[in-house]
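Everything below concerns the one structure shown next.
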Amino acid sequence: MSNNTVRVRFAPSPTGPLHMGGVRTALYNYLFAKKYNGTFIIRIEDTDQTRFVSGAQDYILESLKWCGIEPTEGPGIGGAFGPYVQSERKHLYKPYAEQLIEEGKAYYAFDTAEELETVREKAKLMGMPNWQYNHVTRSSMKNSLTLSQDQVNELLDKETPYVIRMKMPRNQDVRFEDIIRGWVVVNTNNLDDKVLFKSDGMPTYHLANIVDDHLMEISHVIRGEEWLPSAPLHFLLYDAFGWECPKFAHLPLLLRPDGNGKLSKRDGDRLGFPVFPLDWRTEEGELYSGYREKGYFPGAFINMLAFLGWNPGTQQEIFSLEELSEAFTLDRVSKAGAKFDPDKTKWFQQQYLRAISNDELGKLIQEKNLSSFDLEKLEGIASLMKERATFIEDILSEGHYLFERPTTFDETLIQKKWNEQARALLKDWKIVLHNLNNFDKEQIEESFKNFLSERNLNTGMFLPIFRLALTGTGMGPSMFDISDFLGKQECLERIDIALEQLP
Ligand code: GLU
């Protein structure tokens, strides 16, 4: 493929928040453009005013920004093919629909909503529940194919509402090659006369979409599988205008973790994971949770998304955005639906957390934590906790005893291990610690081993007591690391407190 010819677009409709399937579509477009030094465009398709949701456009743009999916052209960025919001270019579409009428490839239809409803009802009664306005039924409807030119002119003069419909050719095989799905063949007898231009003066998605793809010189249309049924119509529209059709690539669906059906916006919070990149609150106040607010790193999120429907063909799983754009090819995108895996998503997040240097992580902890600890202390906490955490929040909650003294002690552990002998041992061990001149982890560990062997004890008989005294819990990082981090004075004081407070 020659460079600089690749122009792709992500064309969301602002009808609600962007689902993670949408983010994946944007991501694949972005990666494809990067790979071939092409251009990645964002175009907002807001011609359906009845489905417009306020705040959705900002949400979409903010989500992509959070993910690092930066467009080359788009709303708020500009570019030579703008404006990039369809409602801002609405004057542009009608002449194209009229051109098709003049050429006999489209027609005016004056049927009212009630008339259409009546026809549908009648057809239902006659056992045809899926009535369509098509190459057969159009001849008995009220349109510029059945009315005389004078009647049509009169209706137009009287400003009778109308739509413009595609005059679907009869019995023609439409064939085009989809990069992911291979050859697609559909007979036009199975396609209806889709509305291209609506009575509210706006184009439909179909017309606006192909006019803009043409004007914006889009080379590849990479979009979700749900648009595959529209592709034959789009192909025919390009043909009708005599324009070159972009190449199509329809991406596989995202499926629920059990593989049972499409992942929908309600599944997430019901099954315990977000399906949206950012939190979204509906006008009714309902909250759909987002990956950002759950504490995921954008890198982990997009790394996971990249693998939903694509694989590099190697064992490598961790990819930066940059690496993804080098590795990405459409021919490694699968046809089959991609099952979303919440555990794998957490795994990616863990890997990203572990890969962060301690000083970086220290800074991130600082942003979330109100303790007076300096950065060096926080770096220490980062290094102690990062192998055990998935989110930064885990470091704060599971490692709470690194920030402050424990206020409670684990009940089950007390029941199991705490007794007079344990108390005596803890007192002795405190003396050993007190007498250490080098209070570092190696020294502490060595003394601990001696302490046990002198008394013929094994680790399990005393380490949990030591842990209970210093942290209040039964699990965590190495006790020698923790003691080293807390320092001698603090360790001794915590042991005193434990001796006082434990039953
Ligand atoms: N506006 C359509 C959507 O909401 C775009 C489909 C396409 O990419 O052609 O997904």
Side-chain angles (χ1 to χ4, degrees), residues 6-33 38-53 55-61 63-64 69 71 73-75 81 83-90 93 166 176 178-181 184 194-196 198 202-238 241 243 245-254 262-265 275-277 280 305 309 330 333:
V6 166
R7 285 180 60 82
V8 291
R9 83 311 190 263
F10 176 55
S13 299
T15 54
L18 186 62
H19 182 273
M20 67 191 200
V23 183
R24 187 198 56 178
T25 301
L27 175 65
Y28 284 10
N29 273 284
Y30 170 88
L31 297 176
F32 186 73
T39 303
F40 170 58
I41 298 156
I42 295 201
R43 183 175 73 226
I44 301 291
E45 302 204 324
D46 59 348
T47 58
D48 189 351
Q49 289 165 332
T50 60
R51 296 184 61 212
F52 182 82
V53 172
Q57 179 174 328
D58 289 343
Y59 178 96
I60 294 167
L61 298 177
S63 300
L64 296 181
I69 304 175
E73 297 172 21
F81 298 79
Y84 294 92
V85 178
Q86 286 183 330
S87 58
E88 291 169 23
R89 38 196 294 127
K90 60 180 175 210
Y93 305 105
M166 172 83 170
F176 59 88
D178 184 277
I179 298 176
I180 296 165
R181 277 147 212 285
V184 176
K194 277 272 180 306
V195 175
L196 302 177
K198 296 177 287 181
M202 287 288 239
T204 56
Y205 151 72
H206 302 290
L207 180 69
N209 183 272
I210 75 120
V211 166
D212 282 347
D213 280 349
H214 171 68
L215 295 179
M216 294 181 180
E217 297 177 11
I218 298 304
S219 60
H220 296 74
V221 168
I222 305 171
R223 61 184 172 193
E225 182 179 302
E226 62 272 28
W227 298 103
L228 189 60
S230 301
L233 168 69
H234 297 179
F235 181 87
L236 285 167
L237 278 169
Y238 283 102
F241 284 116
W243 298 336
C245 186
K247 296 198 172 58
F248 289 119
H250 288 92
L251 306 175
L253 288 178
L254 292 194
K262 206 171 131 174
L263 187 66
S264 82
K265 65 175 184 182
V275 291
F276 293 104
W280 169 263
L305 269 187
L330 282 173
V333 174

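In this text, all values refer to a predicted model and were calculated from it rather than measured experimentally. Only this structure's heavy atoms are used, side chains among them; waters, hydrogens and symmetry mates stay out. Start at 1 and go down the list; that is how both ligands and their atoms are numbered.
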Looking at Ala11, is its backbone amide N or carbonyl O close enough to the side chain of Arg43 to form a donor-acceptor pair, meaning the two atoms are under 3.5 Å apart?
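Answer holds: no.
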
Whether over 12 other heavy atoms sit under 6.0 Å from Lys198 NZ:
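Yes.
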
Looking just at side-chain N and O atoms, do Tyr93 and Asp212 make a donor-acceptor pair shorter than 3.5 Å?
yes

Return a yes/no value for Ala11: is any of its N or O atoms, backbone included, closer than 3.5 angstrom to an N or O of ligand 1?
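Yes, at least one N or O pair falls under 3.5 Å.
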
Specify whether Tyr205 and Trp227 have parallel, tilted or perpendicular ring planes, treating 30° as the upper limit for parallel and 60° as the lower limit for perpendicular.
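The rings of Tyr205 and Trp227 sit tilted, inter-plane angle from 30° to 60°.
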
Report yes or no: does His234 have a heavy atom closer than 4.0 Å to ligand 1?
no

So does Glu73 pair up with Arg7, basic N to acidic O under 4.0 Å?
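Counted as a salt bridge, because a side-chain N and a carboxylate O are separated by less than 4.0 Å.
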
For ligand 1, which atoms have a heavy atom of Glu45 less than 4.0 angstrom away?
1 (N), 2 (C), 5 (C)

Please report which non-hydrogen protein atom sits nearest to [atom], along with the residue it belongs to and the distance in Å to one decimal place.
atom                   : answer
atom 8 (O) of ligand 1 : Arg9 NH1, 2.7 Å
atom 4 (O) of ligand 1 : Ser13 OG, 3.1 Å
atom 6 (C) of ligand 1 : Tyr205 OH, 3.3 Å

Counting the benzene-type ring for Trp, do Phe241 and His214 have ring centres under 6.0 Å apart?
no

Heavy-atom distances under 4.0 Å are what count here, so tell me which part of Asn209 touches ligand 1: side chain, backbone, both or neither.
side chain

